[in-house]
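Below is one structure; the comments refer to it alone.
Computed over heavy atoms, backbone and side chain alike; hydrogens, waters and symmetry mates excluded. The sequence lines fix the lettering, A, B, ..., with proteins before strands; numbering per chain opens at 1.
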There are 2 protein chains.
Amino acid sequence: MAYAVQYIDKLRKSGLRPTKQRIKICEVLFDTDKTFHFTIKELVKIIENQANIKVSLATVYNTVHAFIKKGYLKEIPLNASQSYYDTNVTHHHHFFDEEENRLIDIHQDDVDEVNIKKTIPGKKIKSVEVIAKIVSDNQSQK
Amino acid sequence: MAYAVQYIDKLRKSGLRPTKQRIKICEVLFDTDKTFHFTIKELVKIIENQANIKVSLATVYNTVHAFIKKGYLKEIPLNASQSYYDTNVTHHHHFFDEEENRLIDIHQDDVDEVNIKKTIPGKKIKSVEVIAKIVSDNQSQK
DNA sequence: TAATACATTATATTTATTCTAAACTGTTGA
DNA sequence: TCAACAGTTTAGAATAAATATAATGTATTA
């Protein structure tokens with residue numbers, strides 16, 4: 001309950017009324033120093049395991065999307081059957097291990113700033129994401 | 001028919017027998033200087049409009065996936081409901097215009113080489129993709 | 001050219017996501 | 001405080017992309 005006030009604020013700023021379910025979602029997402037990656041299904045499972053509150057898929061989808069729109073969460077661009085989300089909304093990038101279906105953060109400091117020289121008339125860049133796919137390194141040859 | 005021999009070769013190297021349908025798919029994908037982006041549905045539509053050959057979704061999926069595995073096509077990492085593919089398999093990046101659901105190439109020359117300092121034990125980098133989301137630039141303030 | 005192994009197809013299945021509509025709850029103002 | 005309203009939750013239905021299935025057809029080979 002420590003952060004309830006913040007969560008109510010976050011929800012209101014996202015245009016959502018603070019309800020039991022939504023506050024529970026906030027607790028799972030933001031009640032820790034550590035950021036993490038998740039899918040909707042995983043988030044539902046975490047909530048089920050942590051609380052005696054029942055939350056429907058629809059509510060979770062709605063809330064997550066509202067937070068993304070507001071910038072409190074980020075969707076990670078990937079070619080996976082499910083969408084992956086990130087509680088870390090600071091500027092950083094990702095490794096994606098397709099063999100293990102695992103995402104790993106790459107800190108901003110570990111990549112030089114991506115500087116794109118090309119521009120598109122009437123458009124501005126909203127975000128720049130680097131996705132580096134990694135695979136098992138079965139001994140470099142020789 | 002000009003490139004039939006190449007296509008048969010591409011198919012065989014991908015572990016596929018050259019059939020009418022698959023050669024038609026090759027013609028649509030590779031019978032031009034220009035590279036392009038496509039979804040499976042779009043590809044099926046192009047084939048239907050160009051040929052009197054009927055090709056099922058399943059065949060198109062199978063063939064496209066075999067080509068991706070072999071490196072003749074690339075899948076573009078995105079959060080869209082459908083998968084987007086690219087006939088340009090050279091090293092380059094993309095703008096994604098979410099408002100118009102449109103992909104635009106960014107040539108290698110228009111981005112500095114992305115140099116990732118972090119490494120993951122036992123893993124090597126297979127590919128590095130930059131996705132820059134763009135939105136309408138409704139006048140920069142002031 | 002016959003036998004075999006692989007392909008094609010229509011259709012069914014699976015699964016993530018979105019939609020719907022009925023029941024419920026937070027909010028507002030009297 | 002409470003009634004009325006607007007927004008919310010939910011189970012289940014709907015949608016749609018992608019994959020699987022199995023019967024029929026075709027390329028390959030010896």
Quiz item: Rounded to the Å, how far apart are B/Leu11 CG and D/dT28 C1'?
Solution: 15 Å

Quiz prompt | Integer-rounded Å distance: C/dA7 P and B/Ile8 CD1 | solution = 14 Å

With the criterion being N/O to N/O and under 3.5 Å, what pairs connect the protein with nucleotides 22-26 of chain C, and how long is each?
unit_1	atom_1	unit_2	atom_2	d
C/dG26	N3	A/Arg17	NH1	3.4

Practice problem: Determine which pairs satisfy salt bridge (Lys or Arg N to Asp or Glu O under 4.0 Å) with at least one residue from residues 57-75 of chain A, sequence neighbours left out, and list them in order. | Solution: A/Lys74-A/Glu129

Quiz item: Would you say the side chain of A/Leu11 lies within less than 4.5 Å of the side chain of A/Thr19, judging by non-hydrogen atoms?
Solution: no

Quiz item: Do any pairs count as a salt bridge (Lys or Arg N to Asp or Glu O under 4.0 Å) and have a residue in residues 14-25 of chain A, sequence neighbours left out, and if so which ones?
Solution: A/Lys24-A/Glu27

Practice problem: For B/Asp105, enumerate each residue passing the side-chain contact (heavy atoms from CB on, under 4.5 Å) test, keeping only those at least two apart in sequence or located in another chain. | Solution: B/Thr35, B/His37, B/Asp86, B/Asn88, B/His92, B/His94

Quiz prompt | By side-chain contact (heavy atoms from CB on, under 4.5 Å) - contacts of A/Thr119 (at least two apart) | solution = none

Self-check item: Presence of A/Gln21 side-chain N/O under 4.0 Å of D/dT10 phosphate oxygens OP1/OP2
Solution: yes

Quiz item: Should B/Ile106 and B/Val130 count as side-chain neighbours, where that means a heavy-atom distance under 4.5 Å?
Solution: no

Self-check item: Any B/His65 side-chain nitrogen or oxygen under 4.0 Å from OP1 or OP2 of D/dT19
Solution: yes

Self-check item: Main-chain N/O of A/Lys34 paired to A/Thr32 side chain as donor or acceptor, under 3.5 Å
Solution: yes

Quiz item: What integer distance in Å separates A/Asn62:CG from C/dT20:C1'?
Solution: 12 Å

Quiz prompt | Partners passing ring-ring contact (aromatic ring centres under 6.0 Å, His included) against B/Phe67 (at least two apart in sequence or in another chain) | solution = B/Phe30, B/Tyr72

Exercise. Grab the NZ-C1' distance between A/Lys24 and D/dT9 for me, whole Å please.
Key: 17 Å

Exercise. Name all residues meeting the ring-ring contact (aromatic ring centres under 6.0 Å, His included) criterion together with A/Phe95; count only those two or more places apart in sequence or in a different chain, and write none if there are none.
Key: none

Quiz prompt | Aromatic ring pairing A/His91/A/His93, orientation class (parallel under 30°, perpendicular over 60°, tilted between) | solution = perpendicular

Exercise. With sequence neighbours excluded, tell me which residues meet ring-ring contact (aromatic ring centres under 6.0 Å, His included) with B/Tyr84.
Key: none

Practice problem: Using a cut-off of strictly less than 4.0 Å between a heavy atom of the residue and any atom of DNA chain C, enumerate the qualifying residues of residues 70-87 of chain A by number. | Solution: A/Ser81, A/Gln82, A/Ser83

Practice problem: Step by step, work out the side-chain contact (heavy atoms from CB on, under 4.5 Å) result for A/Glu100 and B/Lys123. | Solution: CA-CA 11 Å; A/Glu100 303 176 35; B/Lys123 301 283 176 176; 3.0 Å; yes

Quiz prompt | Residues from residues 45-61 of chain B lying under 4.0 Å of DNA chain C - heavy atoms | solution = B/Lys54, B/Val55, B/Ser56, B/Ala58, B/Thr59

Quiz prompt | Protein-nucleotide distance (B/Asn101, atom CG; D/dA16, atom P), rounded to Å | solution = 15 Å

Quiz prompt | Difference in axis direction between the ends of the helix from C/dT1-D/dA30 to C/dA30-D/dT1, five pairs, 10° | solution = 30°

Side-chain donor-acceptor pairs under 3.5 Å in residues 43-55 of chain B, sequence neighbours left out?
unit_1	atom_1	unit_2	atom_2	d
B/Asn49	ND2	B/Lys45	O	3.4

Quiz item: Within this structure, what is the CD-to-P distance between B/Glu42 and D/dA18, rounded to whole angstrom?
Solution: 11 Å

